[in-house]
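Data block below; observations after.
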Amino acid sequence: MAVVRSMNKMYGVCFHVVRQTAGLKASRLLQHRAFRVSVVQGQQPFDSTLEKPQFPGASAEFVDTLDFIQPNVISGIPVYRVMDRQGNIINPTQDPQLSKETVLNFYQKMTLLNTMDRILYESQRQGRISFYMTNYGEEGTHIGSAAALDPRDLVFGQYREAGVLMYRGFPLDLFMAQCYANADDLGKGRQMPVHYGSKDLNFVTISSPLATQIPQAAGAAYAVKRENMNRAVICYFGEGAASEGDAHAGFNFSATLECPLIFFCRNNGYAISTPTNEQYRGDGIAARGPGYGMLSIRVDGNDVFAVYNATKEARRRAVAENQPFLIEAMTYRIGHHSTSDDSSAYRSVDEVNYWDKQDHPISRLRHYMTARGWWSEDDERSWRKQSRKTVMEAFERAEKRLKPNPELMFTDVYQEMTPGLNKQRESMWRHVKQYKEHYPLDLYVK
Ligand SMILES: Cc1ncc(C[n+]2csc(CCOP(=O)(O)OP(=O)(O)O)c2C)c(N)n1
């Protein structure tokens, strides 16, 4: 009751003040009102225009007009680029001035990835491997970012970042071994194709559930910070995965815990058949960064130099200042989502052709190299031939290799095998011995 009475008193006073002062000028009115309120409350006089909000949750001014903040989606965060589609440097101050050797390495890694994709994609079509996902159109995002990192930096990926691993020197034989689930596979043949991982190369093993790597990367970056060894973490994901709750958790944790982490979003326009206008209504993923207190940038993902510059600077600052950065690389998924998808069911061939023929990261870099006299038609022909041969040789070796011993199904579930698992293992062998004619045991390591 006391509260209600004092509220009535307050409103009564306000009303009174307004009536009494109707003829005063605005500034006088404010002064007058401030004075009257302070009299009522028995406090020191104060000017409400100078009052600052004291709420612990935000640092902001008061406003006295009602305005909703408009999302700026028509003219969004600009797309940083260094080269145009013809490979011309637009602003010389942004040219990373990489050596011929470095640029050739970029190009060779991007094209080698492309060649490996073609061969493994075909291999799946022929039923030689069970599944595959190509990286067509996203080669620039992989190589540009990987090149800007320190090899000790920890990588968390989604599944469409094979180029990062390739840049770090993962051998073709191990890519193939994973896809074939043969006895050389570091993952012992347990996961579907393209779920690569390499402890030696600081590349955390990929798993299928989308976005789970995002908060994990935040945790790892926190550990890396405590280790104080000048290392960073990079975490890749698609714009579709960014809709997962785990993305929110990871962004927020890394900002509040001040983690040296680069969030690298590949915005390729689609999440399987879902176009971006069904995925979000804000200005892409980059616009979310500032909402988490993260420094953010949007780059042209088909411009390997733009990706390189942005990642390099984000990495430098993430480590120096212990804070996360968000890079949204705009690109286009030229291939089908996976070998289980036919993308012609939901997008036009013309749309795909535009990106394949008019704005491709590989052709853009090739224009750049050609203009400098670093690459010729002959170089292209012989490199294509040589890289295809290298990939085919690895492919043939992987195909001939035996599968891992079936026993490995039961190991590594826990660090040590439990009695229950051991029983299942023994029962499997009894069964297999009894019905051996029904199992292709000669394809497996004994
Ligand atoms: C938690 C979870 N939900 C759904 C899926 C099925 N799924 C696999 S890939 C994918 C689309 C992801 O799109 P995006 O993150 O944009 O990456 P892109 O494939 O375009 O590279 C979906 C929905 C999954 N693997 N995990």
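Owing to the predicted nature of the structure, the values given are computational and were not obtained by experimental measurement. The analysis underlying the following values was restricted to heavy atoms, covering all of them including side chains, and did not include hydrogens, waters or symmetry mates. Whatever order the structure lists ligands and atoms in, that order sets their numbers, starting from 1.
Taking the centre of each ring, H431 and Y439 come in below the 6.0 Å mark. Aromatic pair F175/Y196: centroids less than 6.0 angstrom apart.
Near G238, the atoms of ligand 1 lying under 4.0 angstrom from a non-hydrogen atom of the residue are 14 (P), 15 (O), 16 (O), 17 (O). Annotation for ligand 1: atoms under 4.0 Å from non-hydrogen atoms of N268 are 18 (P), 20 (O), 21 (O).
Residue contacts with ligand 1 do not include F237, since none of its heavy atoms lies under 4.0 Å from the ligand. Q158 counts as a contact of ligand 1, since one of its heavy atoms falls under 4.0 Å from the ligand. No heavy atom of Q279 sits closer than 4.0 Å to any atom of ligand 1.
Looking at P209 against ligand 1, only its backbone comes within 4.0 Å, counting heavy atoms. The part of R266 lying near ligand 1 is the side chain, judged by heavy-atom distances below 4.0 Å. Contact annotation for Y270 and ligand 1: only backbone heavy atoms (N, CA, C, O) come within less than 4.0 Å of the ligand. Residue R160 touches ligand 1 through its side chain alone, judged by heavy-atom distances below 4.0 Å. Here H337 has side-chain heavy atoms under 4.0 Å from ligand 1, and that is the only part of it that gets that close.
Contact check on K389 versus E393 returns a salt bridge, with a Lys/Arg side-chain nitrogen under 4.0 Å from an Asp/Glu carboxylate oxygen. A salt bridge between R266 and E239 is absent, with no side-chain N of the basic residue lying under 4.0 Å from a carboxylate O of the acidic one. Residues E122 and R128 are not paired through a salt bridge, judged by the lack of any N-O separation under 4.0 Å between the basic side chain and the carboxylate. Under 4.0 Å is where a charged nitrogen must lie from a carboxylate oxygen, and between R347 and E351 no such pair does.
By the 30° and 60° cut-offs, the orientation of the rings of Y236 relative to F264 is tilted. The aromatic rings of F263 and F251 sit perpendicular, their planes meeting at an angle over 60°, well past the 30° parallel limit. A perpendicular orientation is assigned to the rings of Y368 and F305, their planes being inclined by more than 60° (bins at 30° and 60°).
Considering D300, N309, D303 in turn, N309 is the only one that fulfils the side chain to side chain donor-acceptor pair (under 3.5 Å) rule with Y80. Among N182, D185, D184, the one residue that satisfies the side chain to side chain donor-acceptor pair (under 3.5 Å) test with R401 is D184.
Looking at atom 11 (C) of ligand 1, its nearest protein heavy atom turns out to be I272 CG1, 3.6 Å. For atom 25 (N) of ligand 1, the closest non-hydrogen atom of the protein is S208 O, 3.0 Å. For atom 3 (N) of ligand 1, the closest non-hydrogen atom on the protein side is E244 OE2, 3.8 Å. Nearest to atom 16 (O) of ligand 1 among the protein's heavy atoms is G240 N, 2.9 Å. Nearest non-hydrogen protein atom to atom 4 (C) of ligand 1 is L210 CD1, 4.0 Å. Ranking protein heavy atoms by distance to atom 19 (O) of ligand 1, first place goes to Y159 OH, 2.5 Å. Given atom 15 (O) of ligand 1, the protein heavy atom at minimum distance is A241 N, 2.8 Å.
Considering backbone and side-chain atoms together, A271 places no N or O closer than 3.5 Å to any N or O of ligand 1.
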